Amino acid sequence: GGEPREGGPAATGRGRAAKAAPAGGRRPGGSAERGGEAAAVPPLRLRGVLSQLSLGRRDVSEASGLVNQVVSHLIQAIRGRDGGFGSIGRLGAGSYYERVKISEPNEFDIMLVMPVTRIQLDECDDTGAYYYLTFKRNPKEKYLNRFLDEDGKLSAIKMRTALKKIIKEEVKNIKDVEVTVKRMKAGSPAITLLIKKSSAEISVDIILALEVQQSWPLSTQDGLNIERWLGRKVRRELRNKPIYLVAKQNKKEKVLTGNTWRLSFSHIEKAMMNNHGSIKTCCETDGAKCCRKDCLKLLKYLLEKLKMKHAKELEKFCSYHVKTAFFHSCVIWPNDTDWQYENLEHCFQNFLGYFLRCLQDSQLPHFFIPQYNLLSLDDKASSNFLSRQINYQLNNGFPIFQQEY
DNA sequence: TTTGGCTACTACAG
DNA sequence: CTGTAGTAGCCAAA
């Protein structure tokens, strides 16, 4: 386990120098500090990288305009039809809405939320994340009857298929925007839309989620260990929020019915991300600024870059691994003073160090479901590979941040 | 009851 | 600093 360490490289002034000047062959193979001169350089570098990762205003404006137009249209249409999705609502999720999206606003996650009352969750394996859903009595929501399978289980496949059918028909009716529906990836909870933009494409993941206002299942009991970071009260408040279930197939299902649902904590993740300080005023205009989100963005970027370079070897890794490690790090280093804006380098190194230990131990517990390990031992080779790549980058001043692909 | 519009607020880019 | 997007809470119209 990591101890919070104080201090760090002598804090220099703000990294005002903006655009990352490529670190032209500085201290090859050197360690973090070497003399007073070297200590002054890294802050400028990571701040420079970060400034390149921030989303441009014009891009955001254009992208959000298109996405909102398309999503509003779809929700109207879905509600209007008698397809069983009458009371659907919208919830922005994922990195764009958590304000940690990097590089371009080209990926959006939208949850379409269906309120449901009184549902029974039955674990379908030992992860504690996947469930079969049945109704204790006839659902109050009669229209859900059409999505029950022969065992009386609520069928994720039937619901997702029905929703996709509506969406496929309806995207044709959206004026002035070119939208296509991607072929569904097996087992993925998302229906992916592609919106043609002037230059590039925006992908919008539409995720059907059931919202159930009932206590969280047993597997989450020891998760969300945020007491030392956000406090007991906040934990209790968060656990009073509803649970969400997304239509996600469990590949390890014993009898393949395809009708499994997976817990989703997107709403809680978003709440924590947007209220991430141990002190309430963290990052507010009159409060102290921290570098938590910056560290998260940097590791996301590092993984993205490495995945571009080693697609095959790193296919098992996704940004959720990074996000999960991030939340654990927030618990390990719970104080805002552990993440001072001026100490970005040091904080990022600590964060990376924790992530490396996870890889080495093949141990990254789901933040809300501790028994669910996101780094299976079967993927030990991948973990070792990623661990070596990150170590190399760490020891060489992150050359990959400067490389183009 | 549900909905959508209005307002006030925050985060963030520039 | 200003301007924009997202969000929550409130209220009135459908």
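As the structure is a computational prediction, the values presented were derived from the model and not from experiment. Order of the sequence lines sets the chain letters (A, B, ...), proteins ahead of strands, with each chain counted from 1. Just so it is clear, the values below take in all heavy atoms, side chains as well, and ignore hydrogens, waters and symmetry mates.
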Starting at [atom1] of [X] and ending at [atom2] of [N], how long is that distance when rounded to a whole Å?
X: A/Lys293; N: B/dT10; atom1: NZ; atom2: P; answer: 14 Å
X: A/Asp286; N: B/dC9; atom1: CG; atom2: P; answer: 13 Å
X: A/Arg47; N: B/dC12; atom1: CZ; atom2: C1'; answer: 14 Å
X: A/Glu284; N: B/dA8; atom1: CD; atom2: C1'; answer: 14 Å
X: A/Glu104; N: B/dA13; atom1: CD; atom2: C1'; answer: 16 Å
X: A/Leu55; N: C/dT4; atom1: CG; atom2: C1'; answer: 13 Å
X: A/Lys280; N: B/dC9; atom1: NZ; atom2: P; answer: 19 Å

Handout entry: Basic-acidic side-chain contact under 4.0 Å: A/Glu315, A/Lys312
Key =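 Here A/Glu315 pairs with A/Lys312 in a salt bridge, since their nearest N and O are under 4.0 Å apart.
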
Exercise for the section: May I ask you to say whether A/Lys165 pairs ionically with A/Glu169, meaning some side-chain N is under 4.0 Å from a carboxylate O? Expected result: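 Salt bridge: yes.
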
Exercise for the section: Compute both the distance and the angle, then confirm whether A/Arg47 meets the cation-pi test with A/Tyr341: under 6.0 Å from the six-membered ring centre, within 45 degrees of the axis. Expected result: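 Yes; both conditions hold, so A/Arg47 lies above the ring face of A/Tyr341.
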
Practice task
With sequence neighbours excluded, tell me which residues meet ring-ring contact (aromatic ring centres under 6.0 Å, His included) with A/Tyr132.
Solution key: none

Taking atom types as modelled and ignoring hydrogens, do the side chains of [X] and [Y] form a donor-acceptor contact shorter than 3.5 angstrom?
X: A/Asn335; Y: A/Thr337; result: no
X: A/Tyr131; Y: A/Ser219; result: yes
X: A/Tyr301; Y: A/Gln52; result: no

Fill in the blank from the handout: Quick tally for nucleotides 5-14 of chain C: nucleotides whose base has a protein heavy atom under 4.0 Å get B, sugar-phosphate-only ones S, the rest -, giving SSS-------

Could you list the protein-to-nucleotides 1-4 of chain B atom pairs, N/O on both sides, closer than 3.5 Å?
from  : atom 1 : to      : atom 2 : distance (Å)
B/dG4 : OP2    : A/Gln76 : NE2    : 2.8

Handout entry: Criterion side chain to side chain donor-acceptor pair (under 3.5 Å) against A/Glu98, the qualifying member of A/Lys270, A/Lys323, A/Lys293
Key = A/Lys323

